[in-house]
S.K.: 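If you scroll down you'll find the structure; I have some questions about it.
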2 protein chains.
Amino acid sequence: MTKKSPARTPRITIREVASDAGVSVAAVSKVLRDAYGVSDALRAKVQASMDKLNYRPLASARGLRGRTYTLGLVFPDLRNPFFADIFVGVNAALERTQYQAMQGVSVSASSLVEAMIDRQMDGLVLIGPNETNERLNDIADRIPLVAIGHHDLKEARFDTVNNDDQLGARLAVRHLCQNGHKKVAMLSLAAPVSTVINQRELGYRLEMTEQGLGAAINIVRAPQVLRDVQLTVRRLLESRDRPDAIFCWTDLMAFEAISVATELELSIPQDIAIVGYDNTVFCEFAQNRLTSIDQSGEVLGLQATRLLIERIDGRSQSEHFVVTPRVVARASSAKVG
Amino acid sequence: MTKKSPARTPRITIREVASDAGVSVAAVSKVLRDAYGVSDALRAKVQASMDKLNYRPLASARGLRGRTYTLGLVFPDLRNPFFADIFVGVNAALERTQYQAMQGVSVSASSLVEAMIDRQMDGLVLIGPNETNERLNDIADRIPLVAIGHHDLKEARFDTVNNDDQLGARLAVRHLCQNGHKKVAMLSLAAPVSTVINQRELGYRLEMTEQGLGAAINIVRAPQVLRDVQLTVRRLLESRDRPDAIFCWTDLMAFEAISVATELELSIPQDIAIVGYDNTVFCEFAQNRLTSIDQSGEVLGLQATRLLIERIDGRSQSEHFVVTPRVVARASSAKVG
DNA sequence: GCAAAAATGTAGAACGCTACACGTAGAACA
DNA sequence: TGTTCTACGTGTAGCGTTCTACATTTTTGC
């Protein structure tokens, strides 16, 4: 089955570095790990040899005894450009460390997480995980874990990084109300993909009530499939008592809402105002001009990575970092009347 | 520096499986690798033990002797949803294999590739690599390699998967001409990110000439930065002899072009027609309605993965797979006049 | 100046797996 | 009957690191 592959030049090993520098293998390892008990002279000598031979430690071998200096990022999907922001933050945090991030994508994180554990990741960042608290705790028992976008914190044995989704939703509703929109509907997701949705729906409900619009509360849930979202929005916009604003749980959905509204020749924001969530780069485009809630993905990624490395280094008490979201107002929700 | 981490339950090893099944470690390894010389009875016994103990082989340990069953994907950027299509194809190809894909993102693949080699990836798929043929050959000498979106094939020691970018560009121009647009400009990238650009520019030139529009050839190059693209497009659209169509090298750029045109209150396609490349999901939206060239990312990903696994299994002669692109016409390039 | 403590370096046993080299038993062949 | 194959299992030496335990040297304290 497996034929012989063409011979490849063998790698430089720690042994060769040691012999080149005239020291022991253990000494080189110490330098590598920045461990205790290394004189400046030794370090310099070893560094010189490593540079000269262009030595790079092999992660698998390191992993067998210690760590691999690899972090796993688990994304729920690659389509949403918001995740790119998170990634930028992760990379910023990794700068000047030995760590490297590897991403995986999966709808149900389960099997991917196992695969990452098999591959000796030193720690995991789960983004918007569709998992119960219990399941996450199980994972955390096996590998240092940080979750971005998970709000169920009872006895969490892992760290979390979130924006305040409840507040974000409230800000969206408040902003719409301030601009004269009353019948604010919310476009949400049918399958509760994560606890994030619950928080946003809750925030929406609370703020609507607080604004005295309790009677207008209207949460419409669409499946994640493109076609179905459009159908759902169309039904909403063609309904007898059409809302005058939609708060969409994600920019991506908001763009679809804009699309349907455009097709129905409704004008935005006069006939229907729209607010999204994530403040993706696409919001800026003139054809969208989408008001959105910014949760600074970059900060989320940066903090999550920071916490993860701390955890790998031994911290066992959980920490929970929260970012305050803010409204970025654009034309799609401008004042009317 | 490194504190003691909380004790984690130790992993099940191949030794425990062997002892549970009452066979040798070597036998278990054979079953694991589907190697020659295993009776059905033995296999069944071992499988049962593995299932019972919930055994999972450790990739690092495997990597030290054989392969890790991990493939590395190198993306140039995460923002472009086109890459998500490629990823879908990759995963389809990996179904029912032991392999798992890990992604990394980097503008200059260099250091990421090194990191992936350090981490014992069995092979690499480089997507739209900004690298010379020579450099890619160097990498291919060290690890099985497939490039998606690389056209410089002289003596390539790796496989490539491409759509016919030259043809794609020709189709775009031809389509625009057929719909009555004459002064077709091309919006390209300032820094030649990959050989893909050259091919598309070449196709544009050739087809323009063939259509008798050689005099109207106009390639405008913008840096990859958002703000600069908008500036470049604005300058183009406000110029004395404004083109009546723009062929954009990427959907993402096309959306920006639409944005600027909208701001300038030009109507699409009457004042300016626009065609993109990649046929991203966003093209479908009513606010974009973007005509685009489809290069079926899913097929690209699938084929690349297939080729890579073949190569890991020992093939050393290069193969080059080409997908034929097609025009997906939408309103942004409709017939005028 | 001498003991104790601190600093610096080394040897060598793992880590979990693969793959080579072999051993054995039964089948096929002459 | 003996001989050669083939199929199936096993023993074990690494793969390239880390890390504990220990040996040696230097510094410190008095």
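Here is how names work: the chains are called A, B, and so on, in the same order as the sequence lines, proteins then strands, and each is numbered from 1.
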S.K.: Would A:Arg43 and A:Ser39 count as a side-chain hydrogen bond (donor to acceptor under 3.5 Å, both in side chains) if you check the C-alpha gap in whole Å, the side-chain angles of each, and the deciding distance to 0.1 Å?
M.R.: CA-CA 6 Å; A:Arg43 189 193 322 283; A:Ser39 67; over 6 Å; no
S.K.: Would you check if the side chain of B:Asp20 reaches a backbone N or O of B:Ser49 as a donor-acceptor pair within less than 3.5 Å?
M.R.: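 No, B:Asp20 side chain to B:Ser49 backbone: no donor-acceptor pair under 3.5 Å.
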S.K.: Determine whether the side chains of B:Tyr99 and B:Arg67 contain a donor N or O and an acceptor N or O closer than 3.5 Å.
M.R.: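 Result is yes, a qualifying pair exists.
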S.K.: Looking only at atom types and distance, does a side-chain atom of A:Glu95 sit under 3.5 Å from a main-chain N or O of A:Ala92, one as donor and one as acceptor?
M.R.: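 Side chain of A:Glu95 to backbone of A:Ala92, a donor-acceptor pair under 3.5 Å: no, none is there.
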S.K.: How would you give the extent of chain B contacts on DNA chain C, as first and last nucleotide 5' to 3' within a 4.0 Å heavy-atom cut-off?
M.R.: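 The protein-touched segment is C:dG16 to C:dA19.
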S.K.: Which ones in residues 38-63 of chain A lie close to DNA chain C, meaning a heavy atom under 4.0 Å from one of its atoms?
M.R.: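 The stretch gives A:Val38, A:Ser39, A:Leu42 as the residues lying under 4.0 Å from the strand, ordered by number.
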S.K.: Mapping B:Leu64 and B:Val23 onto DNA chain D by nearest heavy atom, which one lands closer to the 5' end?
M.R.: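 That would be B:Val23.
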S.K.: Within the structure shown, what part of the strands sits under 4.0 Å from A:Arg11 by heavy-atom distance: base, sugar-phosphate, or nothing?
M.R.: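 Touches nothing.
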S.K.: Counting the atoms with a prime plus P, OP1 and OP2 as sugar-phosphate, which does A:Ser29 contact under 4.0 Å by heavy atoms, base, sugar-phosphate, or nothing?
M.R.: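 Base contact.
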S.K.: Does A:Thr68 reach the main-chain N or O of A:Gln120 with its side chain, forming a donor-acceptor pair under 3.5 Å?
M.R.: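 Flag set: sc A:Thr68 to bb A:Gln120 pair under 3.5 Å.
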S.K.: Among B:His151, B:His150, B:Glu155, which residue satisfies the side chain to side chain donor-acceptor pair (under 3.5 Å) criterion with B:Asn133?
M.R.: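 Looking at B:His151, B:His150, B:Glu155, the match for B:Asn133 under the side chain to side chain donor-acceptor pair (under 3.5 Å) is B:His150.
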S.K.: Nearest 0.5 Å, what's the CD-CZ distance between B:Glu319 and B:Arg306?
M.R.: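 Answer for the CD-CZ pair, B:Glu319 versus B:Arg306, is 6.5 Å.
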S.K.: Do we see a donor-acceptor contact under 3.5 Å between the side chains of A:Arg119 and B:Ser60?
M.R.: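 Distance-only check fails for A:Arg119 and B:Ser60.
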S.K.: Between which nucleotides of DNA chain D, read 5' to 3', does contact with chain A run, using atoms under 4.0 Å from its heavy atoms?
M.R.: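 Going 5' to 3' along DNA chain D, contacts run D:dG16 to D:dC19.
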S.K.: Give a yes or no answer on whether the side chain of A:Asn137 reaches the backbone of A:Arg157 with a donor-acceptor pair at less than 3.5 Å.
M.R.: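 Judged by distance alone, yes, a pair lies under 3.5 Å.
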S.K.: I'd like to know whether CZ of B:Arg15 has more than 12 heavy-atom contacts from other residues, nucleotides or ligands below 6.0 angstrom.
M.R.: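 Not buried by this count: 12 neighbours or fewer within 6.0 Å.
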